[in-house]
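Hydrogens, waters and symmetry mates play no part in the numbers below; they use all other heavy atoms, side chains included.
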Amino acid sequence: MADHDIARPTSGDIVELIKDDHRRFEELLRDLRDATADRDSARAAFSELLIAHSEAEEEQVYPRLKSKKVIDGEEEEHGEEEHAACNEELLHLLQAKGTDTQKYEDAVEKVATALMHHIGEEELSILNPAATEASEELRQQLGVDWCTHRNRLLEEGCGSLEQVQALVKRDYEQGLLPNDEQPEDE
């Protein structure tokens with residue numbers, strides 16, 4: 001997994017830290033598509049990073065930006081819904097047996113589409129306002145808190161198939177995903 005090590009910063013401006021992860025997602029997606037890459041390693045790293053990143057945002061960043069009136073409740077909820085959609089597509093990717101099947105290829109494209117849509121919207125509607133409207137002190141404190149939460153989740157190994165299944169189930173129960181598409185337990 002040497003090619004897919006995940007950096008574990010401990011501090012910084014939250015806007016830059018999140019954007020750094022966004023660029024890492026793009027690198028991992030390239031490896032997930034590359035038949036010559038270690039796709040299993042890329043898939044494991046992608047899953048761990050996606051879950052740690054988004055869970056830390058929902059716990060540490062979105063609520064505090066909302067409380068400081070940098071974003072509103074609609075933007076927070078929309079970000080959470082998009083995380084849920086990414087989690088659901090990630091689940092399909094993790095359920096694909098092997099990395100050389102059409103099911104795997106389709107799952108990569110679906111998670112990539114959901115994630116890239118989310119990254120674009122998050123950078124415009126959450127990170128841009130945070131960069132201009134949140135104080136440097138707040139951005140630095142959010143950076144420490146987000147890194148701490150994210151790194152703890154990474155150390156715990158947060159991206160297994162079972163853990164992602166549990167998150168998707170939670171997302172359905174919280175109404176973040178439409179119940180008509182809820183997958184059967186496998």
Side-chain angles (χ1 to χ4, degrees), residues 1-32 38 41-87 89-90 94 111-112 114-160 163-164 166-167 170-171 174 176:
M1 188 148 143
D3 289 345
H4 298 106
D5 286 339
I6 300 170
R8 287 173 172 76
T10 57
S11 64
D13 183 318
I14 190 60
V15 173
E16 295 309 313
L17 290 165
I18 290 174
K19 285 182 177 181
D20 288 347
D21 268 7
H22 289 175
R23 303 301 76 85
R24 183 68 174 134
F25 287 129
E26 293 164 357
E27 293 169 10
L28 288 166
L29 284 168
R30 280 192 289 278
D31 283 349
L32 289 170
D38 182 349
S41 173
R43 179 166 51 176
F46 181 81
S47 183
E48 294 286 325
L49 184 59
L50 185 60
I51 296 304
H53 174 97
S54 60
E55 290 294 304
E57 281 181 343
E58 289 182 24
E59 292 294 321
Q60 301 297 323
V61 180
Y62 291 178
R64 300 214 354 244
L65 289 176
K66 181 179 145 193
S67 74
K68 297 291 186 182
K69 301 194 182 332
V70 175
I71 64 171
D72 61 31
E74 184 178 312
E75 288 154 336
E76 179 184 28
E77 184 177 338
H78 187 69
E80 291 172 356
E81 289 169 349
E82 288 187 342
H83 287 165
C86 290
N87 290 347
E89 296 305 339
L90 174 62
L94 295 174
V111 76
L115 181 59
M116 297 314 294
H117 171 82
H118 171 65
I119 286 172
E121 284 194 0
E122 183 176 69
E123 289 186 3
L124 286 172
S125 66
I126 295 175
L127 297 183
N128 283 348
T132 59
E133 297 173 32
S135 69
E136 174 69 21
E137 180 182 341
L138 175 61
R139 292 194 316 271
Q140 292 295 324
Q141 186 58 56
L142 286 173
V144 169
D145 295 343
W146 178 80
C147 286
T148 301
H149 194 98
R150 173 188 174 275
N151 293 344
R152 181 181 52 78
L153 290 171
L154 287 170
E155 292 303 318
E156 293 172 357
C158 59
S160 72
Q163 288 162 316
V164 175
L167 289 172
R170 175 204 69 189
D171 293 341
Q174 292 179 353
L176 296 171

Margin query: Among residues at least two apart in sequence or on other chains, which ones pass side chain to side chain donor-acceptor pair (under 3.5 Å) with Arg170?
Written below: Glu55

Next item on the list: Quick one: list whatever passes salt bridge (charged side-chain N to carboxylate O under 4.0 Å, His left out) with Glu27, sequence neighbours left out.
Entry: Arg24

Note to self: Going by the rule side chain to side chain donor-acceptor pair (under 3.5 Å), which residues pair with Glu58 if we only count those two or more places apart in sequence or in a different chain?
What the structure shows: His83

Margin query: Rounded at 0.5 Å granularity, tell me how far CG in Leu153 sits from CD in Gln163.
Written below: 9.0 Å

Margin query: If the condition is side chain to side chain donor-acceptor pair (under 3.5 Å), which residues does Glu59 pass it with, not counting sequence neighbours?
Written below: none

Check: Could you state the interatomic distance from CZ (Arg139) to CG (Leu127), rounded to the nearest 0.5 Å?
Finding: 11.0 Å

Next item on the list: Measure from the ring center of His4 to the ring center of Phe46 and say whether it is less than 6.0 Å.
Entry: no

Item checked: Close side-chain approach of Val144 and Thr10, heavy atoms under 4.5 Å -> no

Item checked: Within residues 65-77 or reaching into it, pairs that qualify as salt bridge (charged side-chain N to carboxylate O under 4.0 Å, His left out) - sequence neighbours excluded -> Lys66-Glu76

Note to self: Taking ring-ring contact (aromatic ring centres under 6.0 Å, His included) as the definition, give me every residue that meets it alongside His78, ordered by chain and number, with sequence neighbours left out.
What the structure shows: none

Item checked: Listed partners of Asn151 passing side chain to side chain donor-acceptor pair (under 3.5 Å), at least two apart -> none

Notebook entry, point to check: Can you tell me how far CG of Leu17 sits from NE2 of His22, rounded to the nearest 0.5 angstrom?
Noted result: 11.0 Å

Next item on the list: Side-chain contact test, heavy atoms from C-beta onward, threshold under 4.5 Å: evaluate it for Asp31 versus Asp38 and give yes or no.
Entry: no

Note to self: Could you work out, with side chain to side chain contact (heavy atoms under 4.5 Å, CB included) as the rule, every residue matching Ser135, not counting sequence neighbours?
What the structure shows: Glu137, Leu138

Checklist line | Nearest heavy atoms of Leu65 and Ala134, plus distance in Å | finding: CD2-CB, 4.5 Å

Check: If you take all heavy atoms of His118 and Cys86, which pair is closest and at what distance?
Finding: CB-SG, 4.4 Å

Item checked: Audit row: His53, Ile6, side chain to side chain contact (heavy atoms under 4.5 Å, CB included) steps and yes/no -> CA-CA 11 Å; His53 174 97; Ile6 300 170; over 6 Å; no

Check: For residues Ser54 and Glu57, is any side-chain donor paired with an opposing acceptor at under 3.5 Å?
Finding: no

Check: Should Gln141 and Ile14 count as side-chain neighbours, where that means a heavy-atom distance under 4.5 Å?
Finding: no

Check: Does any non-hydrogen side-chain atom of Ile119 lie less than 4.5 Å from one of Leu115?
Finding: yes

Next item on the list: For residues Phe25 and Met116, determine if any side-chain heavy atom of one lies less than 4.5 Å from a side-chain heavy atom of the other.
Entry: no

Note to self: Suppose we screen for side chain to side chain contact (heavy atoms under 4.5 Å, CB included). Which residues come up paired with Arg152, at least two apart in sequence or across chains?
What the structure shows: His149, Glu156

Notebook entry, point to check: Which atom names give the shortest non-hydrogen contact between Leu176 and Ala84, and what distance separates them?
Noted result: CB-CB, 3.8 Å

Check: Should Ser125 and Ile71 count as side-chain neighbours, where that means a heavy-atom distance under 4.5 Å?
Finding: no

Item checked: Residues which pass salt bridge (charged side-chain N to carboxylate O under 4.0 Å, His left out) with Arg64, listed by chain and number, not counting sequence neighbours -> Asp145

Checklist line | For Arg8, all residues meeting salt bridge (charged side-chain N to carboxylate O under 4.0 Å, His left out), sequence neighbours excluded | finding: Glu155

Check: Looking only at heavy atoms, which two atoms of Leu124 and Pro129 are closest? And how far apart?
Finding: O-CD, 3.4 Å

Check: Which pairs count as salt bridge (charged side-chain N to carboxylate O under 4.0 Å, His left out) when at least one residue sits in residues 116-133, sequence neighbours excluded?
Finding: Arg23-Glu123

Checklist line | Heavy-atom closest pair, residues Gly159 and Ile51 | finding: CA-CG1, 4.3 Å

Check: Do you know which two heavy atoms are closest between Leu154 and Glu48, and how far apart they sit?
Finding: CD2-O, 3.6 Å

